[in-house]
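Order of listing sets the numbers, starting from 1, for every ligand and every atom in it. We count residues from 1, following the sequence as given.
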Amino acid sequence: MDLFKLPFNKKNRKAESSLQHKDQGRIPNHVAIIMDGNGRWAQKRGLPRVAGHKEGMDNIKKVVRKANQFGIEVLTIYAFSTENWKRPTDEIEYLLKLPIDFLQHYLPELMDRNVKIQTIGEVNALPQRTKDAIKRAVDQTTHNTGLVLNIAINYGSRHEMIHSVKQICQGVIDGAYSVDDINEDMLNDYLFTADLGDPDLIIRTSGELRLSNFLLWQAAYSELWFTDILWPDFDGEQFEKAIYDFQRRKRRYGGV
Ligand code: IPE
Ligand code: IPE
Ligand code: MG
């Protein structure tokens, strides 16, 4: 049963009533999340770090539901950074297997919710089975018209910018344009996020106050929202809180 398709369902009343508080006109189009704190969540329970990653993966479902309910257009989730290769091999292996599990289990629900899967990052460098699972999910959801669930995997903002600059240089070498033609739009158009737009809101869990090489160019005017809550404990209610806080922010973009 899909609660969110049944607005008058009794069980759904609580969710509906909390939604009345939202300012419909100020729902962020694009929310990006740095899902941090899985390791500490596990450590606190005397469990191996990977148990935290497993719990963190399950948690994505809750946030996808809430994003769908709010009518957010794009939800970007930071799953694995270009710097995460510095971790122990077994943890890397586990982290890179998680998308296989996630997509296998949740694909029917994602289809049901009309969610479209996309990725940003160097997917080609991932293990073959992970690439296959991602490709299957992207292909299967390609015609869905609802929320875009954009998975940042093997993603690093500096790597992405270098990629864009290389494309621009090639264009100059090929004579497609001159150095003087290079502008912000051009650099933006070669980023992996070109068709997604900049995040309006970036959420980071676990109390760390940094971006860790996430969407650095795109975050120029993003609203930042931090919480001490560890990612596996972050729930729909927390997500709502972030959205309501966002609605109270005054975005000036350098103006008055
Ligand atoms: C976030 O949790 C998941 C990834 C970085 C892939 P961490 O694994 O970074 O958890 P902490 O920060 O060590 O608690
Ligand atoms: C950021 O978390 C990367 C992801 C959530 C995938 P990290 O745990 O890797 O960030 P640092 O090392 O604390 O900056
Ligand atoms: Mg971390």
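Of all atoms in ligand 2, numbered sequentially from 1 with element shown, those under 4.0 Å from a heavy atom of Ala79 are 6 (C). Of all atoms in ligand 2, numbered sequentially from 1 with element shown, those under 4.0 Å from a heavy atom of Phe80 are 6 (C). In the vicinity of Leu95, heavy-atom distances shorter than 4.0 Å reach the ligand 1 atoms 6 (C). The Asn84 neighbourhood of ligand 2 comprises atoms 3 (C), 6 (C), 9 (O), with distances under 4.0 Å to a heavy atom of that residue.
Using cut-offs of 30° and 60° for the angle between ring planes, the His159 and Phe192 rings count as tilted. Classified by interplanar angle (parallel below 30°, tilted 30° to 60°, perpendicular above 60°), the ring pair Phe214/Tyr78 is parallel. Using bins of under 30°, 30° to 60° and over 60° for the plane-to-plane angle, the ring pair Tyr106/Phe102 lands in the perpendicular bin.
Inter-residue side-chain proximity for Ile27 and Ile243 is flagged as met; some heavy-atom pair is nearer than 4.5 Å. Within the 4.5 Å cutoff, the side chain of Phe70 has heavy atoms near those of the Glu240 side chain. Side chains of His30 and Thr76 form a contact here, defined as non-hydrogen atoms less than 4.5 Å apart. You'll find the side chain of Gln247 stays beyond 4.5 Å of the side chain of Pro28, heavy atoms only.
Looking from atom 2 (O) of ligand 1 to the surrounding protein, the closest heavy atom is Asn38 N, 3.2 Å. The single protein non-hydrogen atom nearest to atom 13 (O) of ligand 2 is Arg210 NH2, 2.8 Å, given as residue, atom name and distance. The protein heavy atom nearest to atom 14 (O) of ligand 2 is Ser212 OG, 2.6 Å. Distance from atom 1 (C) of ligand 1 to its nearest protein heavy atom, with residue and atom name: Met35 O, 3.0 Å. The protein heavy-atom contact nearest to atom 6 (C) of ligand 2 is Tyr78 O, 3.4 Å. If you check which protein heavy atom lies closest to atom 4 (C) of ligand 1, you get Arg87 NH1, 4.1 Å. Remark: minimum distance from atom 10 (O) of ligand 1 to any protein heavy atom is reached at Gly39 N, 2.9 Å.
Ligand 1 lies nowhere less than 4.0 angstrom from a heavy atom belonging to Ser206. Not a single heavy atom of Gln43 sits closer than 4.0 Å to an atom of ligand 1. Ligand 2 has Arg204 within reach: a non-hydrogen atom of the residue lies less than 4.0 Å from it.
Under 4.0 Å is where a charged nitrogen must lie from a carboxylate oxygen, and between Asp36 and Arg40 at least one such pair does. A salt bridge does not link Asp101 to Lys54: none of the charged side-chain nitrogens sits closer than 4.0 Å to a carboxylate oxygen.
For ligand 2, the polar-atom distance check against Ser81 finds no nitrogen or oxygen pair separated by under 3.5 Å.
Looking only at its N/O/S atoms, Asp36 has OD1 as the one nearest to the Mg ion (ligand 3).
In His53, the part holding a heavy atom less than 4.0 Å from any atom of ligand 1 is the side chain.
Separation of atoms OH (Tyr244) and CH2 (Trp225) is listed at 12.5 Å; rounding is to 0.5 Å.
Side-chain atoms of Thr193 do not come within 3.5 Å of backbone N or O of Leu196 as any donor-acceptor pair.
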